Number of protein chains: 2
Amino acid sequence: MTKRFSAQREMIRDALTMLDHPTAAQVYDHIRRAYPQISLGTVYRNLGDMAAGGEVLRLSFAGAPDRFDMNTADHCHAACVWCGRIFDTDGSLPAALLRELDAAVEKSTGIAVQSRAMLFSGACADCRPVH
Amino acid sequence: MTKRFSAQREMIRDALTMLDHPTAAQVYDHIRRAYPQISLGTVYRNLGDMAAGGEVLRLSFAGAPDRFDMNTADHCHAACVWCGRIFDTDGSLPAALLRELDAAVEKSTGIAVQSRAMLFSGACADCRPVH
DNA sequence: TATAATAACGATAATCATTACTGAATGATT
DNA sequence: AATCATTCAGTAATGATTATCGTTATTATA
Ligand SMILES: [Mn+2]
Ligand SMILES: [Mn+2]
Ligand SMILES: [Zn+2]
Ligand SMILES: [Zn+2]
C-alpha cells in the first residue's frame, strides 16, 4: 500500500502552484532551473497521468499548447486577447445558468450533456483602458 | 473587379456542404475521388484563408484535428462521445442566456467577453439507448 | 493577341506539440 | 541479495499544420 511520489512529480506539482495555468513546456522550464536533468517527456507523462487520474485539469485552447490546472473544481476560463493571461471564473458562475444552457443544448441537438468545455475571450481589466 | 475563385476552392466549398463539419483531411479525401491531384496543402491553405476571411468557421476540439463549418451563424456544437457526430445548436439557443453568462464571466474575471468557444459533449439520441 | 505581372497550385520540407520507445536507475517485495 | 515493478532521461516517432518553392493558371497591359 505504498503511495507513489516521485521527486519529479512533486516538482511538477510545485510548478503548477507557482505558475498560472502553465503549458508543459513552462512547467519544464521552471523545474529545469533547479533540476536541469528533468526530461520534457517526464513532464508530459506525469501531467498526462495526473490529468487522466483527475488530479489536474488539461485545458485545450485553439491553436495553442495545452495548459494544466491544479484547480480541479468545476470552473471556466477567460483569456485576455491582449496580454494572454488566463483568468478563472470563481464559484459565482451560476450553476443554474449552466444547467439551463445544457437543457437548451439538449433540446436543440439531442445530446444529453455530460461535460462542456468553454473558453471566453476578451480584454482584461488591465488591458482594456490601454486599447 | 473580378471575384476570383479557383476551381479547387470551389471543390472545397462543395465538400463543406456535403460533409458535416469535416476536417481538412476529410475534405481532401472527398475531393480526391474526383480530382486526385489536389494537394492537402491547398486544402489547408484555402480553408485557412476562408476562415480568416470569415467565410467559414474553424472549430477546434481538444486533441483532435480542427474541423470546418460553412455555417458562419453564431451557434454552438455538441459532440457525441460514442459515435463522434457533431451537432449544431440551432438558433433556439437563447441569446439571453449567453449574455447572462458573459456578464457572469465578466463579473468573475474582469474580462469583457468578446467571443466564446464552447463545446458540449454527451450521448446523442441515437447512441443513448444503446449504452 | 502576345506578353508581362499576379495569384494559386502541387509537391514536399519544416515546425510544433505530443506521444512512444528504450535502456538505465530507483524503489519495493520476497 | 535477488527479483520484480515503476519511473526516469534521452531520443525517436507521430500527426496536424504551416512554410517554401518552382510550376502552372489567370488577369492585366502593351
Ligand atoms: Mn483554472
Ligand atoms: Mn456547425
Ligand atoms: Zn490583459
Ligand atoms: Zn452518437
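Throughout, protein chains are lettered first and strands after them, A, B, ... in sequence-line order, and every chain is numbered starting at 1. Please read these numbers as outputs of a predicted model, since none were measured by experiment.
- For C/dT18, one of the phosphate oxygens OP1 or OP2 lies less than 4.0 angstrom from a side-chain nitrogen or oxygen of A/Tyr44.
- Checking C/dG10, D/dA9, D/dT18 against the side-chain heavy atoms of B/Thr42 singles out C/dG10 as nearest.
- Using a 4.0 Å cut-off, no side-chain N or O of A/Ser39 falls inside it from OP1 or OP2 of D/dC8.
- In this structure, B/Met50 atom CE and D/dT17 atom P are separated by 16 Å, rounded to whole Å.
- In a base pair of the Watson-Crick type (N1 to N3 plus N6-O4 or O6-N4) or a G-U wobble (N1-O2 and O6-N3), with each distance short of 3.5 Å, C/dT22 is matched with D/dA9.
- Of the options A/Leu40, A/Val43, A/Asn46, a side chain to side chain contact (heavy atoms under 4.5 Å, CB included) to A/Val27 is made by A/Val43 and by none of the others.
- If you take CD of A/Glu10 and P of D/dT6, they are 20 Å apart, rounded to a whole angstrom.
- Between B/Asp29 and B/Arg32, at least one side-chain nitrogen of the basic residue sits less than 4.0 Å from a carboxylate oxygen of the acidic one, meeting the salt-bridge criterion.
- Counting any heavy atom pair closer than 4.0 Å across all strands shown, A/Tyr28 reaches no nucleic acid atom.
- The shortest distance between the side-chain N/O atoms of B/Arg9 and the OP1/OP2 oxygens of C/dA8 is not below 4.0 Å.
- For the pair A/Tyr35 OH and C/dA25 P, the interatomic distance rounds to 12 Å; values are reported in whole Å.
- Taking atom CG of residue B/Asn46 and atom C1' of nucleotide D/dA25, one finds them 14 Å apart after rounding to whole Å.
- The separation between A/Arg67 atom CZ and C/dA17 atom C1' is 13 Å, rounded to whole Å.
- The backbone N or O of B/Val105 lies less than 3.5 Å from no partner atom in the side chain of A/Thr89, so there is not a single donor-acceptor pair.
- Both A/Ile38 and B/Leu40 lie close to DNA chain D; mapped to their nearest nucleotides by heavy-atom distance, the more 5′-ward contact belongs to A/Ile38.
- Considering only side-chain N and O atoms, B/Gln8 lies nowhere under 4.0 angstrom from the phosphate OP1 or OP2 of D/dA25.
- Here the side chain of B/Pro65 is nearest to one of D/dT17, C/dA11, C/dC9, namely D/dT17.
- With rounding to whole Å, A/Asp66 atom CG is found 17 Å from C/dC16 atom P.
- For the pair A/Arg116 and A/Asp102, the salt-bridge criterion is met [side-chain N within less than 4.0 Å of a carboxylate O].
- Comparing A/Ala64 and B/Pro36 by the nucleotide of DNA chain C whose heavy atom lies nearest to each, the residue mapping closer to the 5' end is B/Pro36.
- Taking 4.0 angstrom as the limit, B/Gln37 places none of its side-chain polar atoms (N or O) nearer than this to OP1 or OP2 of C/dG10.
- Atom pair A/Asp49:CG and C/dA20:P shows a separation of 11 Å (rounding to whole Å applied).
- If you measure from atom CG of B/Leu47 to atom P of D/dA16, you get 15 Å, rounded to the nearest angstrom.
- Atom-to-atom distance recorded for A/His75:NE2 and A/Leu57:CG is 6.5 Å, nearest 0.5 angstrom.
- The side chain of A/Ser6 contributes an N or O atom lying less than 4.0 Å from OP1 or OP2 of D/dC8.
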